[in-house]
Amino acid sequence: MELISGLPEDVARDCLIRVSYQQFPTVASVCKLWKSEILSPEYHRQRRSTKHAQKLIAMVQARDEPGTGSTKRMTNPVYRLSVFEPETGHWAELPPPPEFCSGLPMFCQLVSVGYDLVVLGGLDPNSWKASSSVFVYNFLSAKWRRAADMPGGPRTFFACASDSKGTVFVAGGHDNEKNALRSAMVYDVASDRWVSLPDMAAERDECKGVFRGGRFVVVGGYPTETQGRFRKSAEAFDPATLRWGEVKEDFLDCASCPRTFVNGGDGEAVFLCSGGDLISRRGDTWQKMSTVPGDIRNVAYVGAFDRTLVLIGSSGYGQVHVAFAFDFESCKWRKLASPEGFMGHVQTGCVLEI
């Protein structure tokens with residue numbers, strides 16, 4: 001049976017790899033052959049190699065009221081999943097997980113694994129209790145599934161990152177008693193299975209995790225006895241040896257919240273917003289790259305891909321959140337489209353290429 005009647009296989013595949021991610025569910029429903037094609041690893045590889053894979057930013061974003069000119073917070077803001085495509089300026093909203101139709105958990109975390117978006121933990125918007133829940137949204141089927149809960153009890157403000165090979169790493173955060181944690185674990189998305197990892201050397205609450213150089217790097221945070229006093233240290237877990245490396249005490253440029261810390265994607269540089277500046281580290285040295293535009297001086301989220309950073313933030317408390325792109329090579333800023341309905345506060349996010 002032919003992929004597309006009357007067309008050679010290579011031409012038919014060339015047509016299918018150009019399909020927008022929003023059309024994946026429709027394409028998969030046409031026939032079993034098309035569904036098998038877009039589910040294959042080779043399809044994903046070809047989309048990326050031919051530069052037809054779409055780069056997206058998924059965000060936990062507060063719902064705002066169009067036309068108000070501000071996003072002044074309500075007592076209980078309602079958070080939803082927004083998806084932004086920087087190259088086209090297109091914004092969209094994903095359906096909520098089945099158990100959170102009235103709003104996402106506060107301070108939940110997002111991680112992308114292939115065509116899956118993993119939503120972990122957070123505070124239940126109704127009870128305000130910390131949750132161990134895990135939900136997975138698949139962009140090919142446009143459906144959610146309830147995954148296995150995080151083991152070890154509820155935790156919030158933890159570090160997490162994916163190795164882009166099907167696993168999600170989690171470490172640190174704090175428990176229901178506000179005790180900072182050293183524990184870590186790894187989740188296999190395909191098998192829906194959690195495995196405990198060795199503990200970190202230090203307790204790390206409100207830490208940030210990235211996957212860099214084949215290792216899960218956990219940055220910053222603070223121990224129980226010094227709540228709110230961030231440390232500059234970092235430590236990295238090597239999946240090959242199943243060991244944590246030596247703690248680097250002065251990894252960060254300053255002792256502040258590492259929320260905006262991000263891997264640059266080129267295997268060398270990492271970036272951080274600090275004191276109104278965008279700074280980068282290559283090797284062991286931090287240097288200023290640029291001053292952050294005033295419109296996003298309060299940076300909420302930073303994402304990186306193709307030698308470009310996307311920063312989302314606001315000019316001040318209660319103001320609309322907008323997006324800017326920063327080019328690594330030219331060191332120039334470009335304001336991106338932020339339509340009404342998508343200017344609410346952004347809590348966190350992650351980059352996808354699908």
Distance (rounded to the nearest 0.5 Å) between [X] [atom1] and [Y] [atom2]:
X	Y	atom1	atom2	value
Arg204	Ser183	CZ	OG	13.0 Å
Thr156	Leu123	OG1	CG	6.0 Å
Tyr79	Met106	OH	CE	5.0 Å
Leu197	Leu242	CG	CG	7.5 Å
Ile312	Tyr301	CD1	OH	7.5 Å

Worked verdict on Thr291 versus Lys288 for side chain to side chain donor-acceptor pair (under 3.5 Å): CA-CA 8 Å; Thr291 299; Lys288 178 180 175 179; 3.2 Å; yes
Take a 6.0 Å sphere around [atom1] of [X] and say whether it holds more than 12 heavy atoms from other residues, nucleotides or ligands.
X	atom1	answer
Arg47	CZ	yes
Lys232	NZ	yes
Lys55	NZ	yes
Arg145	CZ	yes

Margin query: Looking at Arg13 and Glu42, is there a salt bridge between them, counting it only when a charged N and a carboxylate O are closer than 4.0 Å?
Written below: no
Query raised in the report: Do Lys129 and Asp124 sit within salt-bridge range, that is, some charged N less than 4.0 Å from a carboxylate O?
Result: no
Can Arg146 be said to sit on top of Phe135's aromatic six-ring, NZ or CZ under 6.0 Å from centre and within 45° of the ring axis?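 Because its charged atom sits under 6.0 Å from the ring centre and within 45° of the axis, Arg146 does stack over Phe135.
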Look at the side chain of Asp192 and the backbone N and O of Ala147, then say whether any donor-acceptor pair between them is shorter than 3.5 Å. no
Next on the checklist: Treating Asp238 as the side-chain partner and Ala240 as the backbone partner, does any N or O pair qualify as donor plus acceptor under 3.5 Å?
Outcome noted: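 Side chain of Asp238 to backbone of Ala240: a pair is present.
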Parallel, tilted or perpendicular: rings of [Y] and [X] (30°, 60°):
X	Y	value
Phe169	Phe237	tilted
Trp91	Phe342	tilted
Trp244	Phe216	tilted
Phe328	Phe271	tilted

Show me the pairs that pass salt bridge (Lys or Arg N to Asp or Glu O under 4.0 Å) and involve residues 172-190, at least two apart or across chains.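 Checked against salt bridge (Lys or Arg N to Asp or Glu O under 4.0 Å) - neighbours excluded - no pair reaches residues 172-190.
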message = With no hydrogens and no angle check, just 3.5 Å: does a side-chain donor-acceptor pair link Arg282 and Gln287?
response =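 Not at all, the side chains of Arg282 and Gln287 share no donor-acceptor pair under 3.5 Å.
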